[in-house]
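What you see is a predicted model, and the numbers here were worked out from it, not measured in a lab. Computed from heavy atoms alone, side chains included, the values below leave out hydrogens, waters and symmetry copies. Protein chains get the first letters and strands the later ones, always in sequence-line order, with residue 1 at the start of each.
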2 protein chains.
Amino acid sequence: MTREVASSKDEKARQPVVAVFVVIFTVHEQKLKVLLIRRDIEPFRGWWAIPGGRLGTGEPLDEAAARKLVEETGVRDVYLEQLYTFGDLDRTASAGAVAIGYFALVDYDSVSLPTREEWPTAWFSLDGLPELAFNNKGVLDYALRRLRYKLEYTNVAYSLLPPYFTMSQLQTVYESILGRSLDKRNFRKRILALGIVTPTEKTVLFGAHRPAKLYTFSSRQPQII
Amino acid sequence: MTREVASSKDEKARQPVVAVFVVIFTVHEQKLKVLLIRRDIEPFRGWWAIPGGRLGTGEPLDEAAARKLVEETGVRDVYLEQLYTFGDLDRTASAGAVAIGYFALVDYDSVSLPTREEWPTAWFSLDGLPELAFNNKGVLDYALRRLRYKLEYTNVAYSLLPPYFTMSQLQTVYESILGRSLDKRNFRKRILALGIVTPTEKTVLFGAHRPAKLYTFSSRQPQII
DNA sequence: TCAAAAGTGTTGTTTATACACCCATGT
DNA sequence: ACATGGGTGTATAAACAACACTTTTGA
C-alpha cells in the first residue's frame, strides 16, 4: 500500500509525490473525535498522524479518499469532502510532496477499526490530542473550522448519526462540533423549520424518564439549506 | 515553461503529473470577466483554457499560483485562494494528472497582458464564454460559486478595485459578480455597517452630476466579516 | 414521590427588504 | 432648465436570542 518515497529518486523528471489523506470525524460520548494512526516509518516514526497514503496510478482522487476511509473504518457512502491541498506537509521528500486532504463524517457505531500490530489507529478527542506529525495539528484546525461552517448551512450531520435518532442526540452532535451548548427550544425550532429531519411515530426509552421521539433525516444526501 | 506531458512516459514509477492553474477574475465595464489562454499544443490545441502549468520541483503551491498570476497579468499581492484539486482534468495523461486550481481577483487597470504570438490571452465575460478545453467550464462555474459566497462574508472585493473608489463602483463590483442588481440605499447601509470601507475627504467628478465621495478599504488583507 | 431527560411558547431584538425623492454638477 | 448619477430615511417582515415550566417514565 505504501511505497517507498525514496523510489522517486530514480526518476528523471522528479515529479512530486502525491498523497491523499482523510480527516475522519465522529461524535461519541458527547465529544468530537478524530481518527489518528501511529506512524511506523520515518519520518515521525511513532507519532500520531492523520491517516493517508499514496495516490494510486490513474486513481481518481475521490476514490482514493474513499478507499482510505474504508481501509481504516470499514464504512462507505458517508459524507466525504475535499478539504485542501498542501504542498509542504513533508519537507523531507526531496522532490516535493503534494498532499490532498479530505474530511469524512462517520457514525461511531458503524465503524470497526482494523486490528493489526503496525500502524494502529485510535479515536482522539479534539481537546485531548497528542503531538502530531508534520503540521497535522494545523490541518485538523482547518478541518474543524470547515466542519463548523458546513454544519450551519448544510445537512451533513446525517453522516454522524444512525438512521433513527432523538432530537437530543442531534443536538449533542451540534454542540460537540460547535463547542458550545445550544438552547433546546431554539434548536428544535430551527431544525424543524429547516425541514432537514422528519419525525417518526417511533419512540425510544433510555432510562427513568419520558421516552423520546425518533427522527430521521429527510435526505441522506448532502444538501445546502 | 510548459514541459511536454509526454515526458512522464519515460519515468519508472509513473508518478502523476502535477499542474497548477489560476482562474483570474476581474470586473470591467460592469461585467465579471475571466482571463483565458489559447492552447498551442495538443490536446485541445486552439481551444481557450484556464491558464496554468506544471508545478516546479520543490515549488510551494501558493508560489506556483502566484508565479502563474504574475506571468499572465504582471500583478502580485492580490487575493489568491486555493479553489479545488481535480484528479481527472486531463484524461490523456496516462499516468494520471492532478491539477490544483486557484482563483485570483485583480483590478482590471493594474493588469498588463503579455504580448506574444503563442498562447495568447484575453478577457472573456462569463456570459459570453467560448467552448473551453477539458472540463474548464465546470471549473469556472465552481469558481464563480465560491466567489459569490466569499463576497457575502469577506472583504475580498478590495482586490478588484483601485485604492480609491466610489460607492457606485463598489456596488457595480458586487452586482457584476452576484449577477443581480442591488438596492442603492440598502447596499450603502450594509457596507458601511460592516465597516469594510472607510470614507475619505476626497471626491471625484466623472461627468455632469454631483461629485462622488471616495472610499478606501479599511483593510487590504482578506478578512472574514 | 423523586429524579431525570423530553417536550413545549412568548417576547424583545436584530437584521433584511422594499421603496421615492432631493442634491450637485456640466452643458 | 435639464439631464445625469450621487446621496439619503422609514416602515415592515423575518430571523434570532433569551428565558421556565410541565410531562412521562423507572426506581
Quiz item: What is the distance from atom CG of L35(B) to atom CZ of F25(B), rounded to the nearest 0.5 Å?
Solution: 11.5 Å

Exercise. Could you state the atom-to-atom distance from CG of L192(A) to P of dA15(D) in whole Å?
Key: 15 Å

Quiz item: Quick one: F187(B) CZ to dG7(D) P, roughly how many Å, whole number?
Solution: 13 Å

Exercise. Scan nucleotides 2-11 of chain C nucleotide by nucleotide, 5' to 3', and note B when protein non-hydrogen atoms come under 4.0 Å of the base, S if they reach only the sugar-phosphate, - if neither.
Key: -BBBBBBBB-

Exercise. Specify the separation, in whole Å, of atom CG of L194(B) and atom C1' of dA16(C).
Key: 12 Å

Practice problem: Check the distance between dT17(C)'s C1' and R180(B)'s CZ and give it to me in whole angstrom. | Solution: 11 Å

Quiz prompt | Rounded distance (Å) that lies between atom P of dA18(C) and atom CZ of R190(B) | solution = 13 Å

Quiz item: For R190(B), what residues pass the salt bridge (charged side-chain N to carboxylate O under 4.0 Å, His left out) criterion, not counting sequence neighbours?
Solution: E152(B)

Quiz prompt | Rounded distance [0.5 Å steps], CG in L214(B) versus OG1 in T198(B) | solution = 12.5 Å

Quiz item: NZ of K31(B) to CD1 of I177(B): how many Å apart, nearest 0.5 Å?
Solution: 14.0 Å

Quiz item: Between OG of S125(A) and CD of Q30(A), what distance do you get to the nearest 0.5 Å?
Solution: 11.0 Å

Quiz item: Are side-chain heavy atoms of L129(A) and L36(A) found at a separation under 4.5 Å?
Solution: yes

